[in-house]
*Asks:* 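Structure below; questions to follow.
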Amino acid sequence: MARNPSWPLAISDPAGAGPSSIARAATQLAGGRWRAVREWLRQPRSARTLVVWLGLYLTLACNWPLWWELGRISHGRLADVLPSMVVMGLLVACGSIALLSLTAWSRWMKPLWLALVLIAAVSQHYMSTYGVVMDPTMLANATQTDLSEVRDLLNGRLFLSLLVVVAPAALVIWHARLRPEPWLSQLWRNALLLLAVAAVAAGAVVSMNRELAPLMRNHTKLRYMTNPLAPVYSSLMAGKRSLFHYQRKLIPVSGGAALGASYAAQARPPLFVVVVGETARADHFGLNGYERDTTPQLAARQVLSWRDVHSCGTSTLASVPCMFSPLGKQGYESARDDYENLADVLQAAGLAVFWLDNQPGGCKGVCDRVPHASAFADLDPATRDALCPGGDECFDEVMLRGLDARLQALPEERRQRGVVLFMHQMGSHGPAYYQRSSRSSKRFMPECRVNVLSDCSHDALINAFDNSIAYTDEFLGKTIDWLKARSDRYDTGMLYLSDHGESLGEFGLFLHGMPYGVAPEAQKHVPWVMWFSNGMRSRDQIARDCLAKSLDQPLTHDNLYHTVLGVMDVESPTYKLPLDAVIQCRGGALADKSPVQAPARTGARSAGAA
């Protein structure tokens, strides 16, 4: 066969042919091609050219979750999905180039460009792996993530995703040679590029508004899937909120708080525990009709479990301050200033108040003005070995260890009036659900033991989550037993309420934190459980049979503030009787009580929205 003159001689010459010579020739060929590419990259070009390349690359390489979501919305029909992908792709490309045009100056912008590529790659990984979106609340949550939570989110797939996306862009950016230009000339040329892409985007919106308008109106989460636009926008909004937070005033609401008539002749002071749950779903509580018996300990203690309760938000950062606020969801979210909360009012009334945290993220400002402590601080070695297998994270039972000593340290005159103890759980915090349950509570096997939840079978994922609920059941049972053991000195009671729910693969979503309006029911439907000792029921004249008939009444986090004030008989101008969840069954004169109200839940029933 005749030799092609364009082939390397080492490959075509039979006399010198061999594995080593072929390998050398291949290496030389690859090296030559790489030198050619490198020389081409090093040709002087403007920064505008490079940012146009980079904007197109980010659009194509970092928006796969957006394309998949558009395909899902269109049910895979090419005729429907293609126009949506074209217009969304054009808008993302124009937006990315417009954003980058602000940085099209000199080689000193290269670290900024690399950082933007890294942000886009990380965002794409978590959007595709867990189904989250990059809205301001999600970015605010990320800023408050601690090392323990970061560890749960790290895995080999993350680093592989970053390598695949970042490496090509990094090579181009590193080797690209930018042509110096006078700053005035560069300024007007950058402005011209910005105007050009804005005009293209405007033209696309006008020409395809018929398809685009209903798409964005009916699927608002899409706007937070545009990468890197959504992460950059949401980061700026989260940063703005954090910056202006220091300019917010603290509005007092505890004025006029006082203890009610029941304290004047009390035989024993009240001791009421409010357990702030974490990531628990109401539909996974056996008490609420779940097919699995995940709550045998609570059932054995004859608790009351409300079945139709919805959260204020879909994340701890959004829900915890809201559920303790006197303003309710709508008032809290629209407030321009900070307000004192339930803990402040109880303390102002003269009660001993204490916040105990087993949540690394803390109390989100709720406990700032009352005595508080971390449950895993100052533990003796034996307790740490038994209840803190990870070293920096403990099972919730740790909050019951040494609890008497913590309460004893509170002012005696306040303790003699009454005690309200807040305990903030680690609960079912994901994605490492298997770490949230002790060996004794692992009754559903096999369980998912990785933090890339999509790698597990659905059954294994549900098992891991249900085991975490079973451990919460075990912890709450022990909390009730702890209260029973002190019923000779106190009139005791407990209220448990989770901050938000969790997605476990429904609609392709995992974890929580979706924008409330489009979040699925699983992220908002939460358990509410109460238990009263005989002494507390007698003190408040609580009719248990009456409460047992009200367990299907709809409640929200807005009811918590007023229910606790009512149970503790604390008078306050902020107390709203219709929002007290047990008012109809307390105090004897039931016929004179107003019906319990639950505030309207915007989007609370949008189970299929996401």
Side-chain angles (χ1 to χ4, degrees), residues 62-72 118-146 148-162 164-165 219 221-228 230-231 234-235 238 278-281 284 313-319 361 427-436 447-458 460-465 468 499-516 518-524 609-610:
C62 297
N63 280 279
W64 288 102
L66 177 61
W67 314 139
W68 290 330
E69 181 64 15
L70 289 172
R72 187 191 68 81
L118 182 61
I119 290 171
V122 171
S123 299
Q124 173 167 258
H125 170 77
Y126 286 112
M127 283 193 288
S128 60
T129 302
Y130 298 113
V132 301
V133 296
M134 296 295 124
D135 68 314
T137 300
M138 182 63 70
L139 269 295
N141 289 331
T143 62
Q144 298 196 19
T145 300
D146 68 349
S148 175
E149 293 176 332
V150 169
R151 181 191 61 204
D152 289 344
L153 294 170
L154 298 180
N155 52 71
R157 181 178 292 185
L158 167 62
F159 297 110
L160 179 60
S161 299
L162 297 185
V164 169
V165 173
H219 305 280
K221 64 179 281 189
L222 291 175
R223 68 189 66 178
Y224 295 117
M225 300 181 74
T226 54
N227 199 11
S234 297
S235 296
E278 171 66 40
T279 320
R281 286 175 52 156
H284 279 246
T314 62
S315 68
T316 303
L317 179 61
S319 281
S428 300
H429 196 288
Y433 306 118
Y434 67 95
Q435 294 182 358
R436 313 294 178 241
E447 65 175 358
C448 176
R449 297 188 64 83
V450 298
N451 53 20
V452 181
L453 302 181
S454 57
D455 286 353
C456 291
S457 69
H458 184 66
L461 174 58
I462 296 300
N463 287 344
F465 184 80
S468 72
D499 59 352
H500 54 77
E502 187 86 328
S503 285
L504 297 172
E506 302 91 350
F507 313 108
L509 300 178
F510 297 92
L511 303 181
H512 53 268
M514 290 289 291
Y516 198 89
V518 298
E521 180 82 351
Q523 294 190 23
K524 297 180 286 191

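A quick note: this is a predicted structure, and the numbers were derived from the prediction, not measured. Residues: numbered from 1 along the sequence shown.
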*Asks:* Any non-hydrogen side-chain atom of E502 less than 4.5 Å from a side-chain atom of H284?
*Replies:*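 In short, these two side chains do not touch, never coming nearer than 4.5 Å.
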*Asks:* Counting only pairs under 3.5 Å, give me each side-chain donor-acceptor contact of residues 129-138, with atom names and distances, residues two or more places apart or in other chains.
*Replies:*
from	atom 1	to	atom 2	distance (Å)
T129	OG1	H125	O	2.7
Y130	OH	N451	O	2.3
D135	OD1	M138	N	3.3

*Asks:* Is any side-chain heavy atom of F507 closer than 4.5 Å to a side-chain heavy atom of P520?
*Replies:*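 Yes, close enough: below the 4.5 Å cut-off.
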*Asks:* I'd like to check R157 versus V450 (side-chain heavy atoms, cut-off strictly below 4.5 Å). Are they in contact?
*Replies:*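 Not touching, per the 4.5 Å side-chain cut-off.
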*Asks:* Let me confirm one number: the CZ-OG distance from R281 to S503, rounded to the nearest 0.5 Å.
*Replies:*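 R281 atom CZ to S503 atom OG measures 7.0 Å (nearest 0.5 Å).
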*Asks:* Between Y224 and P515, what is the shortest heavy-atom contact and its length?
*Replies:*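 So the two residues come closest at CD1-CG, 4.3 Å.
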*Asks:* Would you check if the side chain of Q523 reaches a backbone N or O of M514 as a donor-acceptor pair within less than 3.5 Å?
*Replies:*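 Yes, the answer is positive, given that a donor and an acceptor are paired below the 3.5 Å cut-off.
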*Asks:* Measure across A120 and P228 and return the closest heavy-atom pair with its distance rounded to 0.1 Å.
*Replies:*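 Scanning both residues completely, I find the closest heavy atoms to be CB-CB, 4.0 Å.
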*Asks:* Measuring from atom CG of L461 to atom NE2 of H458, what distance do you get when rounded to the nearest 0.5 angstrom?
*Replies:*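 Interatomic distance, L461 CG to H458 NE2, rounded to 0.5 Å: 6.5 Å.
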*Asks:* From Y126 OH over to S161 OG, what is the distance, rounded to the nearest 0.5 angstrom?
*Replies:*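 With rounding to 0.5 Å, OH (Y126) is 9.5 Å from OG (S161).
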*Asks:* Starting at OH of Y434, measure out to CD of E447 and round the result to the nearest 0.5 Å.
*Replies:*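 So the gap between those two atoms works out to 9.0 Å.
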*Asks:* Should R436 and T279 count as side-chain neighbours, where that means a heavy-atom distance under 4.5 Å?
*Replies:*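 R436 does not reach T279 side chain to side chain.
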*Asks:* Where is the tightest heavy-atom contact between L222 and E69, given as atom of each residue plus distance?
*Replies:*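 Nearest heavy atoms, L222 then E69: CD2-CG, 3.5 Å.
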*Asks:* Check S235 against P231 and note the closest heavy-atom contact, atom names and distance.
*Replies:*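 Answer, listing the atom of S235 first, then P231: OG-O, 2.7 Å.
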*Asks:* State the OH-OG distance between Y433 and S428, to the nearest 0.5 angstrom.
*Replies:*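 If we round to the nearest 0.5 Å, Y433:OH and S428:OG are 8.0 Å apart.
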*Asks:* Do the non-hydrogen side-chain atoms of P65 and Q124 ever get within less than 4.5 Å of each other?
*Replies:*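 Counting from C-beta outward, P65 and Q124 do come under 4.5 Å.
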*Asks:* Once you round to the nearest 0.5 Å, how far does CZ of R223 lie from CG of L66?
*Replies:*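 Here the interatomic distance stands at 13.0 Å.
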*Asks:* Using side chain to side chain contact (heavy atoms under 4.5 Å, CB included), reason through N227 and W64 one step at a time and then give a plain yes or no.
*Replies:* CA-CA 9 Å; N227 199 11; W64 288 102; over 6 Å; no
*Asks:* Give a yes or no answer on whether the side chain of E278 reaches the backbone of D499 with a donor-acceptor pair at less than 3.5 Å.
*Replies:*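 Not a single qualifying donor-acceptor pair exists.
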